[in-house]
Protein chains: 2
Amino acid sequence: MNILEKITNELDMLSKSERKVAEVILASPNTVIHSSIAALAKQANISEPTVNRFCRRLDTKGYPDFKLHLAQSLANGTPYVNRHVDENDSADEYTSKIFESSMASLELARKSLDANDINRCVDVLTQANKISFFGLGASAIVAHDAQNKFFRFNVPVVYFDDILMQRMSAINSRQGDVVVVISHTGRTKSLVEVASLAKENDATVIGITTTGTPLAKECSIVLSVDVSEDTDLYMPMSSRIAQLALIDVLATGFTLRRGSKFRDNLKKVKDSLRSSRFERKD
Amino acid sequence: MNILEKITNELDMLSKSERKVAEVILASPNTVIHSSIAALAKQANISEPTVNRFCRRLDTKGYPDFKLHLAQSLANGTPYVNRHVDENDSADEYTSKIFESSMASLELARKSLDANDINRCVDVLTQANKISFFGLGASAIVAHDAQNKFFRFNVPVVYFDDILMQRMSAINSRQGDVVVVISHTGRTKSLVEVASLAKENDATVIGITTTGTPLAKECSIVLSVDVSEDTDLYMPMSSRIAQLALIDVLATGFTLRRGSKFRDNLKKVKDSLRSSRFERKD
DNA sequence: AGAAAAAATGAAATTTTATTTCATAAAATA
DNA sequence: TATTTTATGAAATAAAATTTCATTTTTTCT
């Protein structure tokens, strides 16, 4: 736990002198991490042993250890928070906010993912006869990206961002096929139907969506990607970034599962692109 | 700067003994922050003054100060440097690594971006007669996403991930048109040519690429998205995630610049999608 | 209220830890 | 190969943190 919060919480468990220490620390923690125990004691008008006792009361080993904890708390007070863009923000401000929100979403999404589910998906994907990725709107680009990635693995893979094609493809699916349905809201009717159709036709349906949505209920395996609401500017933002990171995870799991020979092959694919590029001169 | 990265970077500036210290630290930084200078010296098989000199070479005041920096580097939010996926990683491990690397890329990318350039791009985009987004491979999906976003703004926007269509479109561009060319490497021949063609035809060319690449040289405005190299085979392209965040930034800048009436309109677009969704019951 | 017990506090002593000094060894340069 | 530069560690010193213990303050109990 953040030691600054802890100090605040336990403020009334402390003795009078110890509280003086706490106040000095809370007032300017950044100074404290560069102070010796003597300097801090003087600052708070108490003795050095008191500072030491204060540190121990907060379950640290002593003053140096306490400073370590404090430094860590200050490193990233509250790491990445979702900050909403405001009408009067400067370019610099909204840029920072958007990047930080994206990072916050990645952190959140990471927490909502379950390693076991990922493992199962990788199992299923490595054994698939055919893999299809479906998405609409912002999630369409995630499906598109997935196709790009899996195409390199030399497995039959398609992606559709068209309702009719998705339906047809789902109806034609069969046992051994894997259908990956991507939707942040998990409430897009046609996608939920597509998932259900694919399942009826014995395909394994993987859902990349938010926990507990109608889509999640239709899937064989659900990869939960929960991010804070994309309410900001009326368009999806961070959800698709988290979904893309998940695609990376699946693709990575895939290559790892397939073993080293497979990876040599991948390298060849990569090298084959070289001639289309200008050489680097460094 | 993250002191772990710094150690890695300056590894070859260090003397033989100092390097031993560096290696011990990189191997288990979490142990080191709880070690005394004597313990660390013993661990690295060198003397205490050497540890001290090592600390000073990294621009810290001494060993305790160094530990403070190290503790901050290890605090959560600041991803660990060497987060490459390893052959024997468990699902949980590679998932964490990938998410953390993506976050690191976002942070890096934000630092490389210049608010003035973003402002200029937003200017240009809001005044464009027509906007085209071009990308290939992984960057194609970024172009795709950009089209999705800008389409909602009710401005003429196209995206192409096909070399020929890109060329034709570039040749047909004219003054007042904006062409956004997206490429992480900035060395894809056909894209560099497309940028140059568009420029010859008086379009404003915005490049979303790495600083100092051939593509960057052809552009009217360059938005630098520098991320750590995607050299590793299993390491996914975090570049595209950073590029997407930048698209969000541009789209946000666009809506802010266009004012509140414009945003009301956007809300209508969003509401129009409602009927295609299952209602939320909460 | 007042005595006894408990808790808090700081001065001084001690211990631990970090830093400096300096002599020697290793490496680079001429 | 001789000379200079740089790197290194042993020992001394300095700094910082911790412990001990006597004193003060607070609390509890009669």
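Numbers restart at 1 for each chain; the letters A, B, ... are given by sequence-line order, proteins then strands.
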Heavy-atom contacts under 4.0 Å between residues 15-34 of chain A and DNA chain C, which residues? S15(A), K16(A), S17(A)
Between CG of N45(B) and P of dT8(D) the distance, given in whole Å, is 13 Å
Holding to side chain to side chain donor-acceptor pair (under 3.5 Å), I want the full list of residues that pass it with D226(B), two or more places apart in sequence or in another chain. T211(B)
Between R120(A) and D114(A), is the closest basic N to carboxylate O distance under 4.0 Å? no
Which parts of nucleotides 13-18 of chain D does protein reach within less than 4.0 Å, heavy atoms only, written one letter per nucleotide 5' to 3' as B for base, S for sugar-phosphate only and - for none? ----SB
Quick test of your reading: applying ring-ring contact (aromatic ring centres under 6.0 Å, His included), list the pairs with at least one residue in residues 8-56 of chain B, sequence neighbours left out, ordered by first then second residue. F54(B)-F66(B)
Sequence neighbours excluded, every pair satisfying salt bridge (charged side-chain N to carboxylate O under 4.0 Å, His left out) that has a member inside residues 18-41 of chain B: E18(B)-R57(B)
Output the rounded distance in Å from CZ (R53(B)) to P (dT8(D)). 7 Å
Using side-chain contact (heavy atoms from CB on, under 4.5 Å) as the criterion, list what pairs up with D92(A), not counting sequence neighbours. S90(A), A115(B)
S28(A): which residues meet the side-chain contact (heavy atoms from CB on, under 4.5 Å) condition with it, sequence neighbours left out? T31(A)
By side-chain contact (heavy atoms from CB on, under 4.5 Å) - contacts of A109(A) (at least two apart): V225(A), V227(A), A242(A), F99(B)
Hey, is the side chain of S47(A) poking within less than 4.0 Å of OP1 or OP2 on dT9(C), counting only N and O atoms? no
What pairs with Y94(A) under ring-ring contact (aromatic ring centres under 6.0 Å, His included), at least two apart in sequence or on another chain? none
Qualifying residues under side-chain contact (heavy atoms from CB on, under 4.5 Å), relative to S139(B), sequence neighbours excluded: I182(B), Q243(B)
Using the test side chain to side chain donor-acceptor pair (under 3.5 Å), find all partners of N116(A) that sit at least two apart in sequence or belong to another chain. none
Length of the line joining I46(A):CD1 and dA11(C):P, which is rounded to integer Å: 11 Å
Could you pull out the protein-nucleic contacts involving nucleotides 4-6 of chain D (nitrogen or oxygen on both sides, under 3.5 Å)?
none

